[in-house]
Trainee: 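To start, I am sharing the structure in question, which I have written as structure tokens.
Sequence lines set the chain letters: A, B, ... in the order given, protein chains first and strands last, and positions in each chain run from 1.
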Number of protein chains: 4
Amino acid sequence: MARQQNAPDPSRRSEQSRTAILTAAAGLVAEIGFGKVTIEKIAARAGVGKQTIYRWWPSKGAVVFDAFLAANENASGGLALPDTGDLGADLRTVLRLTALELDDPAFDRTGRALTAEVLTDPDLLREYRQRLLDPLLEVTRDRLRAARDAGQLRADADLDLAVELLYGPLYYRWLHGLGPLDAGYADQVVAAVLGALGG
Amino acid sequence: MARQQNAPDPSRRSEQSRTAILTAAAGLVAEIGFGKVTIEKIAARAGVGKQTIYRWWPSKGAVVFDAFLAANENASGGLALPDTGDLGADLRTVLRLTALELDDPAFDRTGRALTAEVLTDPDLLREYRQRLLDPLLEVTRDRLRAARDAGQLRADADLDLAVELLYGPLYYRWLHGLGPLDAGYADQVVAAVLGALGG
Amino acid sequence: MARQQNAPDPSRRSEQSRTAILTAAAGLVAEIGFGKVTIEKIAARAGVGKQTIYRWWPSKGAVVFDAFLAANENASGGLALPDTGDLGADLRTVLRLTALELDDPAFDRTGRALTAEVLTDPDLLREYRQRLLDPLLEVTRDRLRAARDAGQLRADADLDLAVELLYGPLYYRWLHGLGPLDAGYADQVVAAVLGALGG
Amino acid sequence: MARQQNAPDPSRRSEQSRTAILTAAAGLVAEIGFGKVTIEKIAARAGVGKQTIYRWWPSKGAVVFDAFLAANENASGGLALPDTGDLGADLRTVLRLTALELDDPAFDRTGRALTAEVLTDPDLLREYRQRLLDPLLEVTRDRLRAARDAGQLRADADLDLAVELLYGPLYYRWLHGLGPLDAGYADQVVAAVLGALGG
DNA sequence: AGTTAATCGAGACGGTACGTCTAGTCTTGGG
DNA sequence: CCCAAGACTAGACGTACCGTCTCGATTAACT
């Protein structure tokens, strides 16, 4: 009961080609920017036939995104928020790091391109959520839940709302370039959220 | 100190062509989606030479974006938030409307494409801010300022932070498809912000 | 020591495409004239991508010229002048046929366009000489040489000059439209050349 | 009984513009070659509106050709063949000069382009004949007629044929690049023609 | 001298074709 | 059967010119 007529057999996939493709994709994005990367350039740099890319990925966005994930997934392998007992301090730590990353010019270009791709392609969005966003939100909710259980948040605090109140403003400010993304701003957001949902 | 060598003379611009182009662009985006729209298709439908488009706009994104703005700018001509005296009610009204719009499937496709375009092209982002976003944030801040002056918000409430706390979470949820965008969610956000910054 | 960096591999060339292109080119020239033929029209009629034409030919002139040659080369496969022993009669036969062809209105348009192309493009001229003109002049010289050996021409007759004296005037009259191109004129030219170089 | 509806009034024509256009055309052809010259470039260099060119000339070929004629017509104002009494010497003088001109690389490029244009455009051909070729052939025929009257040519010599026998071979050799165009060749041709038609 | 009408420089316009680039498919030959 | 290589159809790109069409601003001739 094959789902597709011409589904390739993953067991015969060349690991060497796969790695070369992802490496080439990552390198090209860094060098010439996402917009100017093409499947042909990736294939040429990877020393790979175009068909080998088309066989395993549906689009340029998917390849580049895969390359990005491959580089970032292991980094956040043991993904978890610190739990020092001081919720505010812990949240400030996380949001300051987030702000710092968003503020990094090197991340900015790639991040925007990838975000644009993800927002526009439902398949990529699903994959992005499964592999990056949902885990991040989950550990954040875990930390908040622990705090709520410890009485540091109101008992009826909605954790889904809470994470969106935390990350949403940073994201909003970043994408629209509304103002500085620094530790002070992160602290302000944390203070506001704690003020709203604090016990 | 001319910024461009071959800047065309706007006084000789054909208003008829301009309108035809924007209309064609809007129609095509609605029918086949931003990704499949091409300059050539816009020109063909508008009955216009390609050069006439390239003469006045730098990219496909700019044309489509202009078409979008042309349609939305006059709509929000008398842009202002209601001021019934009840800040919470007024904010709920605005955020409910915002949530409703984002939740509209017809808006979703175009909105995402345009957002992707805006995030990726600094020139478009600037124009988007000047013509749509900044005015919206400004009137929101005005309403908040009035409330602060009336003692309904803490005297030290940061209005920039406030608007980002209001719109950021909605935007975040919309772009990532994190959950339902309805009146209830809008109300939750408003309640949280008032809880954080309320007098 | 490759002459070109990106020379395509002729062994992988599609014979089907090549034939379709030449057929389309010939048909278009006949129908709308060389000047109005475009690479795009050839590609469209041949059901072929433009790149496939650009990959194998450097210019429109080259394609059309190739189509012309492909049609005319095999026709004159067994190219040779008659040798009845009577040099004058043999030359009259050839020049009358040449005059007849040049006088054909159908040939006139294509012939002029192709001539203009060939005169202007050194590469095309070289190819024209190798594939059409030189063989024709060679067989003519052969016939004259046989006549000279038989004492029908002066022993010191310059055969290069002779062929130019034969074909030059016809060509000159044709291109400039100086007068009728008929059997009588052909005979006149032959008589003059024999008078000049005859034994 | 006007031949055209919107025939411009020649009496109001700006001589200054006309001169600037012809000068610009000639300069451009010399610099970048006929094929790359465009009406727009001519207009730009001449500091003239495109319409001014279109008003007075039907095509690029016509302008360039006019520029060429303007430069060459006065040169050959008192066009006439020398008449020293020695027909052979006089013809050798003319044909040697012709060969020399055709052999000049500077003339070659322009000459070929103009020839190609002339052969292809019946209007230009007519003008070329009226203003350059026919006068040249006429004076040549005049000289030959004088020689015939003096008994230096056969009484029944066809003068139209004669001029084509003289100029045709040179032209043929030049256009096809068949061999050297020098004084020796010119002499050979003259000798052949005199041999054929001489008294 | 004032009016009128055509030419002028300038350049935007609707188009066509250019030659290049990339997408995604198909074919060939090697492992 | 995967793979590297690359030719194939298709079609958009952004540019260059075409020939036509307004624009004012000179001109030139004719009231």
Side-chain angles (χ1 to χ4, degrees), chain A residues 6 8-14 16-17 20 36-44 46-56 58-60, chain B residues 6 8-14 16-18 20 36-44 46-56 58-60, chain C residues 6 8-14 16-18 20 36-44 46-56 58-60, chain D residues 6-14 16-18 20 36-44 46-56 58-60:
Chain A
N6 294 325
D9 179 352
S11 73
R12 312 197 58 169
R13 182 171 190 177
S14 159
Q16 188 179 324
S17 293
K36 292 188 178 171
V37 171
T38 64
I39 296 270
E40 299 210 330
K41 287 199 183 99
I42 297 174
V48 138
K50 286 166 64 176
Q51 199 60 248
T52 304
I53 298 182
Y54 282 110
R55 192 164 13 240
W56 302 110
S59 68
K60 174 182 83 163
Chain B
N6 295 326
D9 179 353
S11 75
R12 308 193 51 179
R13 183 171 189 176
S14 160
Q16 189 177 323
S17 294
R18 196 188 131 269
K36 292 187 180 171
V37 171
T38 64
I39 297 267
E40 298 210 330
K41 287 201 183 92
I42 296 174
V48 138
K50 286 166 64 175
Q51 199 63 252
T52 301
I53 299 183
Y54 284 109
R55 183 154 33 229
W56 302 111
S59 66
K60 176 183 80 164
Chain C
N6 294 326
D9 180 353
S11 74
R12 307 194 53 177
R13 183 170 188 177
S14 161
Q16 189 178 325
S17 294
R18 195 188 134 270
K36 292 187 177 169
V37 171
T38 63
I39 296 269
E40 297 209 331
K41 288 200 183 92
I42 296 173
V48 137
K50 286 165 63 177
Q51 198 64 28
T52 301
I53 298 183
Y54 283 108
R55 184 154 32 231
W56 303 111
S59 67
K60 177 183 79 163
Chain D
N6 294 325
D9 180 352
S11 74
R12 312 194 59 167
R13 182 170 189 178
S14 160
Q16 189 178 325
S17 294
R18 192 186 137 272
K36 292 188 178 169
V37 171
T38 64
I39 296 271
E40 298 210 329
K41 286 199 184 99
I42 295 173
V48 137
K50 286 165 64 176
Q51 198 60 251
T52 302
I53 298 183
Y54 283 109
R55 191 162 14 238
W56 302 109
S59 67
K60 175 184 80 163

Trainee: Remember a base hit wins even if backbone is also touched, and classify C:Thr52 as base, sugar-phosphate or nothing at under 4.0 Å, heavy atoms.
Mentor: base
Trainee: So which one's nearest nucleotide on DNA chain F is more toward 5', C:Asp9 or B:Pro58?
Mentor: C:Asp9
Trainee: Rounded off to whole Å, could you give me the NZ-to-P distance for the C:Lys60 and E:dG19 pair?
Mentor: 10 Å
Trainee: Take the protein atom OH of C:Tyr54 and the nucleotide atom C1' of F:dA10, then report the distance between them rounded to whole Å.
Mentor: 15 Å
Trainee: Taking CD from B:Gln51 and C1' from F:dT20, how many angstroms apart are they, rounded to a whole number?
Mentor: 16 Å
Trainee: Is there side-chain contact between A:Trp56 and A:Arg13, with heavy atoms separated by less than 4.5 Å?
Mentor: yes
Trainee: Between A:Thr38 and C:Ser59, name the one whose nearest nucleotide on DNA chain E is closer to the 5' end.
Mentor: C:Ser59
Trainee: Of B:Arg55 and A:Val37, whose closest DNA chain E nucleotide lies nearer the 5' terminus?
Mentor: B:Arg55
Trainee: I want to confirm an ordering. Mapping D:Lys50 and D:Arg12 to their closest nucleotides on DNA chain F, which one lands closer to the 5' end?
Mentor: D:Lys50
Trainee: Rounded to whole angstrom units, what separation is found between the CZ atom of B:Arg18 and the C1' atom of E:dG14?
Mentor: 19 Å
Trainee: Measure from CD on B:Gln16 to P on E:dA12 and round the result to the nearest Å.
Mentor: 17 Å
Trainee: Would you kindly give the CD1-to-C1' distance between C:Ile42 and E:dA17, to the nearest whole Å?
Mentor: 12 Å
Trainee: Need one value for A:Lys41: base, sugar-phosphate or nothing, where a base atom within 4.0 Å counts as base even if backbone is also close, heavy atoms only.
Mentor: sugar-phosphate
Trainee: Base, sugar-phosphate alone, or nothing: which one does A:Arg13 contact when heavy atoms must sit under 4.0 Å apart?
Mentor: sugar-phosphate
Trainee: Within less than 4.0 Å of OP1 or OP2 of E:dA6, is there a side-chain N or O belonging to D:Trp56?
Mentor: no
Trainee: Which whole-number value in Å describes the distance from B:Glu40 CD to E:dT22 P?
Mentor: 17 Å
Trainee: Kindly say whether A:Val37 contributes a backbone atom to a donor-acceptor pair with the side chain of A:Lys60 at under 3.5 angstrom?
Mentor: yes
Trainee: In Å and rounded to the nearest 0.5 Å, what is the CD to CD1 distance from A:Glu40 to A:Ile42?
Mentor: 10.5 Å
Trainee: Can you check the D:Ile53 CD1 to E:dT7 C1' distance for me, whole Å?
Mentor: 14 Å
Trainee: Atom CG of D:Asp9 and atom CZ of D:Arg55: how far apart are they, to the nearest 0.5 Å?
Mentor: 11.0 Å
Trainee: Can you measure from CD1 (A:Ile53) to CD (A:Gln51) and round to the nearest 0.5 angstrom?
Mentor: 10.0 Å
Trainee: Please classify the nucleic acid contact of C:Ser17 as base, sugar-phosphate, or nothing, using heavy-atom distances under 4.0 Å.
Mentor: sugar-phosphate
